[in-house]
Visitor: 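The structure's right below; bear with me while I get my questions together.
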Amino acid sequence: MRKIIVQMSVSLDGYFEGPGGDISWHQVDDELHEHFNAELRTMGAFLNGRTTYELMAAFWPTADQEPSSPAPVKEFAAIWRDMPKIVYSRTLDRAEWNATIVREVDPDEVHRLKAQPGGDLALSGAELLAAFARHDLVDEYRTYVHPVLLGRGRPLFPIRDERTQLRLAESRVFDNGVVLLRHERAVG
């Protein structure tokens with residue numbers, strides 16, 4: 001069965017974006033970008049909310065055509081274009097670049113999607129994460145902790161009424177100081 005994997009960058013104090021949607025603090029160098037590419041190219045689909053999809057669609061379809069783009073950026077542009085995308089949105093009328101629009105998170109439909117053959121499913125976007133978490137649909141969290149304190153912004157994990165027990169499956173420190181913490185749902 002395929003897994004739903006959240007892969008998100010976060011500040012040390014828990015924000016996925018700073019005030020005004022700022023993500024300029026992300027420290028994505030070639031090493032980290034190559035790691036992202038290696039992880040994401042094995043996925044079966046990207047699961048995005050409307051905002052994440054629109055941000056990605058505004059840049060990645062042609063990012064590899066810019067001569068000054070580094071090799072990892074050019075590589076990811078092709079990965080993004082070719083990867084099937086499921087966009088969760090109640091308002092989006094159409095989506096391009098191998099994308100399908102789904103109006104709401106239906107747990108039964110997500111379980112059917114997970115049962116299909118292929119690679120795992122990469123989920124991104126804090127609001128979509130919250131919706132999947134409410135339905136207990138997330139199997140793994142790959143949190144990339146950047147060495148910066150923002151002080152304010154949008155927290156990655158909203159306040160929850162329930163505890164979710166996780167198990168640390170992997171950690172890795174990148175040369176730029178970013179730390180990967182890979183947690184899986186605890187069994188039992």
Side-chain angles (χ1 to χ4, degrees), residues 1-17 23 25-49 52-53 56 72-73 75-76 79-80 82-86 88 105-150 153-188:
M1 174 138 336
R2 303 194 293 182
K3 296 189 293 186
I4 303 290
I5 298 174
V6 172
Q7 186 164 322
M8 296 280 291
S9 289
V10 65
S11 65
L12 185 59
D13 51 354
Y15 298 104
F16 77 94
E17 63 182 32
I23 59 170
W25 51 271
H26 285 194
Q27 298 178 18
V28 181
D29 59 6
D30 284 352
E31 177 195 23
L32 186 56
H33 211 301
E34 288 167 2
H35 166 81
F36 289 156
N37 290 351
E39 295 287 315
L40 294 172
R41 86 167 50 87
T42 67
M43 296 293 167
F46 293 147
L47 310 179
N48 299 134
T52 301
Y53 169 77
M56 300 294 278
V73 168
E75 180 182 11
F76 183 72
I79 293 169
W80 188 86
D82 294 342
M83 184 69 61
K85 289 165 269 310
I86 298 173
Y88 289 86
V105 176
D106 176 345
D108 293 331
E109 185 58 36
V110 172
H111 287 295
R112 283 190 288 277
L113 183 64
K114 289 173 64 170
Q116 293 176 5
D120 291 330
L121 306 165
L123 186 148
S124 63
E127 290 179 31
L128 189 59
L129 165 57
F132 270 69
R134 273 193 303 277
H135 295 293
D136 202 26
L137 296 170
V138 178
D139 300 296
E140 183 175 312
Y141 294 86
R142 296 179 187 171
T143 310
Y144 293 84
V145 182
H146 292 249
V148 61
L149 297 170
L150 296 178
R154 288 184 63 197
L156 179 58
F157 298 105
I159 295 172
R160 293 179 44 122
D161 293 331
E162 299 176 10
R163 179 188 331 200
T164 301
Q165 193 65 40
L166 303 172
R167 179 185 71 79
L168 181 64
E170 175 187 6
S171 64
R172 176 179 172 184
V173 179
F174 294 89
D175 290 343
N176 63 3
V178 171
V179 176
L180 162 63
L181 298 174
R182 185 171 69 86
H183 289 89
E184 298 173 337
R185 286 172 31 139
V187 178

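What you see is a predicted model, and the numbers here were worked out from it, not measured in a lab.
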Visitor: What's the verdict on side chain to side chain contact (heavy atoms under 4.5 Å, CB included) for Met83 and Leu40, showing C-alpha distance, side-chain angles and the deciding distance?
Guide: CA-CA 9 Å; Met83 184 69 61; Leu40 294 172; 5.8 Å; no
Visitor: For the CG atom of Leu47 and the CG atom of Leu137, what is their distance to the nearest 0.5 Å?
Guide: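 Spacing of CG (Leu47) from CG (Leu137) equals 10.5 Å.
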Visitor: Go through the structure and list residues passing side chain to side chain contact (heavy atoms under 4.5 Å, CB included) with His33, not counting sequence neighbours.
Guide: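 Partners of His33 by the side chain to side chain contact (heavy atoms under 4.5 Å, CB included) criterion, ordered by chain and then number, come out as Val28, Asn37, Trp60, Pro72, Val73, Phe76.
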Visitor: List the residues meeting side chain to side chain contact (heavy atoms under 4.5 Å, CB included) with Asn176, not counting sequence neighbours, and say none if there are none.
Guide: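 Result, side chain to side chain contact (heavy atoms under 4.5 Å, CB included) vs Asn176: Gln27, Asp29, Leu32, Phe174, Val178.
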Visitor: For Phe16 and Ile23, which heavy atoms make the closest approach, and how far apart are they?
Guide: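 Nearest pair, atom of Phe16 first, then Ile23: O-CG2, 3.8 Å.
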Visitor: Any idea which heavy atoms bring Ala133 and Tyr141 closest together, and the distance?
Guide: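 Reported closest heavy-atom pair: CB-OH, 4.4 Å.
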Visitor: Donor-acceptor pairs under 3.5 angstrom involving side-chain atoms of residues 109-117: please list them, not counting sequence neighbours.
Guide:
unit_1 : atom_1 : unit_2 : atom_2 : d
Glu109 : OE1    : Arg112 : NE     : 3.2
Glu109 : OE1    : Arg112 : NH2    : 3.0
Lys114 : NZ     : Asp139 : OD1    : 3.2
Lys114 : NZ     : Asp139 : OD2    : 2.8

Visitor: Nearest 0.5 angstrom please: Glu31 CD to Asp175 CG, how far?
Guide: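 If I round to the nearest 0.5 Å, the distance is 4.5 Å.
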Visitor: If I take atom CG from residue Asp13 and atom CG from residue Leu149, how far apart are they, to the nearest 0.5 angstrom?
Guide: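 Between Asp13 CG and Leu149 CG, I get 5.0 Å after rounding to 0.5 Å.
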Visitor: How close do Val105 and Ala131 get, heavy atom to heavy atom, and via which atoms?
Guide: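 In terms of heavy atoms, the two residues are closest at CG2-CB, 4.0 Å.
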Visitor: Under the criterion side chain to side chain contact (heavy atoms under 4.5 Å, CB included), I'd like the reasoning laid out for Tyr144 against His26: C-alpha separation, chi angles, the key distance, then a yes or no.
Guide: CA-CA 10 Å; Tyr144 293 84; His26 285 194; over 6 Å; no
Visitor: Which residues pass the salt bridge (Lys or Arg N to Asp or Glu O under 4.0 Å) test with Glu39, sequence neighbours left out?
Guide: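 Listed in chain order: Arg142.
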Visitor: Quick one: pull up CG in Leu180 and CZ in Phe36 and give me the separation to the nearest 0.5 Å.
Guide: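 If I round to the nearest 0.5 Å, the distance is 8.5 Å.
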Visitor: What residues form a salt bridge (Lys or Arg N to Asp or Glu O under 4.0 Å) with Arg182, not counting sequence neighbours?
Guide: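 Scan of Arg182 (salt bridge (Lys or Arg N to Asp or Glu O under 4.0 Å), adjacent residues dropped) gives Glu140, Glu170, Glu184.
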Visitor: Quick one: pull up CZ in Arg185 and CG in Leu166 and give me the separation to the nearest 0.5 Å.
Guide: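 Rounded to the nearest 0.5 Å, the CZ-CG separation comes out at 9.0 Å.
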Visitor: About how many Å separate CG of Leu181 and CZ of Arg172, when rounded to the nearest 0.5 Å?
Guide: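 That separation rounds to 13.0 Å.
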Visitor: Using residues 120-130 as the side-chain source, report each donor-acceptor pair under 3.5 Å to any protein atom, sequence neighbours left out, with the distance given to one decimal.
Guide:
unit_1 : atom_1 : unit_2 : atom_2 : d
Asp120 : OD1    : Lys3   : N      : 2.8
Ser124 : OG     : Asn48  : ND2    : 2.7
Glu127 : OE2    : Arg154 : NH2    : 3.2

Visitor: Applying side chain to side chain contact (heavy atoms under 4.5 Å, CB included) to Lys85 and Trp80, what does each step give before you reach the verdict?
Guide: CA-CA 9 Å; Lys85 289 165 269 310; Trp80 188 86; 3.6 Å; yes
Visitor: Using every non-hydrogen atom in the two residues, find where His135 and Pro107 come nearest and quote the distance to one decimal.
Guide: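 Heavy-atom minimum between the residues: ND1-CG, 3.3 Å.
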